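Remember, predicted model here, so these are calculated numbers, not experimental data.
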Amino acid sequence: MEFTFIAILLFTIINFISRVDKLEGRIKGMQYRLDQVAKQVDVPEPPINDELRELIKEGESVRAVKQAREALGLSLVEGKQYVDALKLELED
């Protein structure tokens with residue numbers, strides 16, 4: 001009985017993880033398409049970017065990530081990636 005319960009629970013968890021992975025893939029695909037459309041339509045960048053660039057120039061990357069997360073509703077990883085992309089812009 002316990003083995004059956006554990007097997008069902010394990011199967012449910014694996015199924016859930018698989019579905020989450022598929023959804024993440026779909027979201028990344030939609031984000032890519034949105035980025036492409038934004039480039040073609042020439043959508044202005046978020047106003048927070050100027051403030052984030054200033055924080056980066058001052059060496060306040062952690063504060064920049066925090067600001068990006070609050071202003072744009074990003075996760076920690078997404079905020080870090082966003083700030084890193086701005087850093088690369090500044091280096092060019």
Side-chain angles (χ1 to χ4, degrees):
M1 183 69 176
E2 292 175 12
F3 178 75
T4 305
F5 177 72
I6 292 172
I8 292 172
L9 183 63
L10 185 61
F11 175 75
T12 304
I13 291 171
I14 291 171
N15 187 24
F16 180 73
I17 291 171
S18 172
R19 288 176 184 241
V20 169
D21 284 342
K22 287 179 185 177
L23 287 173
E24 286 177 347
R26 290 176 65 190
I27 290 170
K28 285 180 183 178
M30 286 189 281
Q31 183 63 48
Y32 175 77
R33 282 187 226 115
L34 282 173
D35 290 342
Q36 296 301 314
V37 169
K39 286 179 186 175
Q40 289 179 355
V41 179
D42 206 23
V43 174
E45 68 179 18
I48 189 74
N49 283 3
D50 293 332
E51 184 180 336
L52 297 176
R53 286 186 185 98
E54 287 301 316
L55 288 170
I56 292 167
K57 288 177 187 175
E58 294 169 3
E60 297 285 339
S61 295
V62 174
R63 281 187 50 210
V65 171
K66 183 177 179 183
Q67 291 283 350
R69 291 184 66 208
E70 291 173 357
L72 302 171
L74 304 174
S75 71
L76 181 59
V77 172
E78 292 168 333
K80 174 85 168 79
Q81 291 171 344
Y82 193 85
V83 169
D84 287 345
L86 289 176
K87 279 182 189 177
L88 286 175
E89 264 182 33
L90 290 173
E91 291 174 1
D92 291 341

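- For the side chain to side chain donor-acceptor pair (under 3.5 Å) condition, the pairs that include at least one residue of residues 54-64, sequence neighbours left out, are Ser61-Lys87.
- Alongside Leu88, the hydrophobic cluster contains no other residue (criterion: ILVMFWY side chains under 4.5 Å).
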Which atom pairs, donor and acceptor, lie under 3.5 Å between side-chain atoms of residues 68-81 and protein residues at least two apart or in another chain?
| from | atom 1 | to | atom 2 | distance (Å) |
| --- | --- | --- | --- | --- |
| Arg69 | NE | Leu74 | O | 3.3 |
| Ser75 | OG | Glu78 | N | 3.2 |
| Ser75 | OG | Glu78 | OE1 | 3.3 |
| Glu78 | OE1 | Ser75 | N | 2.9 |
| Lys80 | NZ | Asp84 | OD1 | 3.0 |
| Lys80 | NZ | Asp84 | OD2 | 2.9 |

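- Remark: Ile56 CD1 to Gln67 CD distance equals 11.5 Å, nearest 0.5 Å.
- Taking CG of Asn49 as the reference point, atom CD of Glu89 lies at 7.5 Å (rounded to 0.5 Å).
- Shown here are the side chain to side chain contact (heavy atoms under 4.5 Å, CB included) partners of Val62, two or more places apart in sequence or in another chain: there are none.
- Counting only residues at least two apart or in different chains, salt bridge (Lys or Arg N to Asp or Glu O under 4.0 Å) contacts with residues 1-14 are absent.
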Can you give me every donor-acceptor pair (side chain of residues 4-27, partner residue at least two apart or in another chain, under 3.5 Å) with its distance?
| from | atom 1 | to | atom 2 | distance (Å) |
| --- | --- | --- | --- | --- |
| Thr12 | OG1 | Ile8 | O | 2.8 |
| Asn15 | OD1 | Arg19 | NE | 3.4 |

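- Remark: Glu51 pairs with no residue by the salt bridge (charged side-chain N to carboxylate O under 4.0 Å, His left out) rule, at least two apart or across chains.
- Applying the salt bridge (charged side-chain N to carboxylate O under 4.0 Å, His left out) rule to Glu45 yields the partners Arg53; only residues at least two apart in sequence or on another chain are considered.
- Within the hydrophobic cluster formed by Ile, Leu, Val, Met, Phe, Trp and Tyr side chains joined at under 4.5 Å, directly or through other members, Val37 is accompanied by Val41, Val43.
- For residues 29-44, every residue pair satisfying the side chain to side chain donor-acceptor pair (under 3.5 Å) rule, not counting sequence neighbours, is listed here: Gln31-Asp35.
- Remark: Lys66 engages no residue in a salt bridge (charged side-chain N to carboxylate O under 4.0 Å, His left out) (not counting sequence neighbours).
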